[in-house]
Q: 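Structure in structure tokens, see below.
Atoms within a ligand are numbered from 1 in the order they appear, just like the ligands themselves. What you are looking at is a predicted structure, and each value in this text was computed from that prediction instead of being measured.
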Amino acid sequence: MEFDEYLRTRREIVEEELNNYFPETLFPETLVKSIRYSLLNSGKRIRPILMLAVADMFGTPYQTILPFACAVEMIHTYTLIHDDLPAMDNDDYRRGKLTNHKVFGDAIAILAGDALLTEAFRIMSEAALKNKFSSKKTLEVIYEISSGCGINGVVGGQVMDILSENKTIDLPTLQYIHTHKTGALIVAVVRAGAILSFATKRDLQRLTEYGKCLGLAFQIQDDILDVEGSFEKLGKKPGVDSAKKKNTYPSLVGMKESKEMLAQLMDKAYKVLLPYDEKAKYLRNFIFYLQNRQS
Ligand code: GRG
């Protein structure tokens with residue numbers, strides 16, 4: 001299957017399952033509307049598809065991984081809803097639409113994020129409770145994902161990002177922000193796909209390295225797009241980072257150096273996959289896809 005088709009079919013599978021988790025008939029109606037508004041629109045679904053692609057490399061059927069992949073997309077959506085709030089980034093647009101709080105108000109937006117985060121862990125635990133996965137494997141994955149989104153992950157990175165606004169920071173601090181705010185969940189996703197596929201220690205090490213490179217590269221590309229991207233393609237206003245005096249790779253090391261660092265990370269990610277040859281074709285495709293993304 002070509003990569004474009006792979007992305008499209010996997011996106012459809014993930015979106016159908018997400019839709020099943022939050023049917024319109026669920027109560028309370030306003031909360032469900034708010035959740036569906038942010039969860040079921042045009043996200044790229046990079047994180048769940050990446051988890052499925054890792055599992056694919058090991059020949060693991062996607063059906064067994066799906067609840068975990070959906071849980072990660074729910075967590076990702078919670079971070080976006082909360083990040084857009086007036087108390088954080090105060091953004092009006094996300095994925096080409098008004099942000100959640102602009103439509104539903106701050107309180108419901110906060111609660112929609114809270115519900116998505118909590119339900120993600122319910123859904124993952126359910127996999128073990130319904131005997132779809134062993135309790136031990138499920139716990140290992142819950143550990144990975146909670147680590148990726150907690151203090152040593154997304155939340156820690158977001159806090160440092162907020163505390164660094166309007167300040168000049170050094171490159172290691174910026175790297176901390178990027179590897180935690182964005183990279184940690186991507187690493188967790190890759191590791192979860194490998195753990196659920198009974199990967200060996202060596203495989204897990206290699207894939208962790210791949211995830212780290214991809215995660216940091218993803219955020220550097222995000223910084224570059226904020227300078228070079230357009231509203232039409234990004235679905236949100238570009239130039240927001242510099243307007244908010246945010247520290248980014250282009251602002252700290254310049255555009256040329258940022259692009260070189262991005263290329264180096266992608267090259268490293270590519271090399272880590274060499275032992276897997278043809279089996280890693282989708283993971284390899286992910287590198288080029290993320291490097292060339294415009295949204
Ligand atoms: C609120 C705890 C908390 C954390 C927020 C996600 C986040 C942390 C901040 C968003 C700001 C931002 C632009 C981060 C860059 C990386 C990122 C998460 C980009 C958006 O992810 P995509 O491109 O989005 O995968 P889609 O819309 O395709 O799902």
Q: Is the closest N or O pair between R45 and ligand 1 shorter than 3.5 Å?
A: no
Q: Hey, can you tell me if Y289 and F286 have their rings parallel, tilted or perpendicular (30° and 60° cut-offs)?
A: perpendicular
Q: With under 30° as parallel and over 60° as perpendicular, where do the rings of Y78 and H82 fit, or are they tilted in between?
A: perpendicular
Q: Assess whether a salt bridge exists between K246 and D89, defined as any Lys/Arg side-chain N lying under 4.0 Å from an Asp/Glu carboxylate O.
A: yes
Q: Would you say the side-chain atoms of N20 and E16 include a donor-acceptor pair closer than 3.5 Å?
A: no
Q: Quick one: which of K246, Q158, R47 has a heavy atom closest to atom 8 (C) of ligand 1?
A: Q158
Q: Below 4.0 angstrom from a heavy atom of H82, which ligand 1 atoms are there? Numbered from 1 as shown, please.
A: 1 (C)
Q: Does only the side chain of T79 get under 4.0 Å from ligand 1, or the backbone, or both, or neither? Count heavy atoms.
A: both
Q: Relative to ligand 1, is R95 under 4.0 angstrom through side chain, backbone, both or neither, heavy atoms considered?
A: side chain
Q: Under 4.0 Å from a heavy atom of Y78: which atoms of ligand 1 are those, numbered in the order shown and with their elements?
A: 2 (C)
Q: Below 3.5 Å, can you tabulate the donor-acceptor pairs from side chains in residues 197-204 to any protein atom, sequence neighbours excluded?
A:
from: S197; atom 1: OG; to: T60; atom 2: OG1; distance (Å): 2.8
from: S197; atom 1: OG; to: G193; atom 2: O; distance (Å): 2.7
from: T200; atom 1: OG1; to: D203; atom 2: N; distance (Å): 3.1
from: T200; atom 1: OG1; to: D203; atom 2: OD2; distance (Å): 3.1
from: R202; atom 1: NH1; to: Q205; atom 2: OE1; distance (Å): 3.1
from: D203; atom 1: OD1; to: Y276; atom 2: OH; distance (Å): 2.6

Q: Among residues at least two apart in sequence or on other chains, which ones pass side-chain contact (heavy atoms from CB on, under 4.5 Å) with I287?
A: Y210, L214, M266, A269, Y270, L273
Q: May I ask you to list the atoms of ligand 1 that are less than 4.0 angstrom from any heavy atom of T182?
A: 15 (C), 16 (C)
Q: Number the atoms of ligand 1 from 1 as they appear, then name those within less than 4.0 Å of a heavy atom of V154, with their elements.
A: 4 (C), 8 (C)
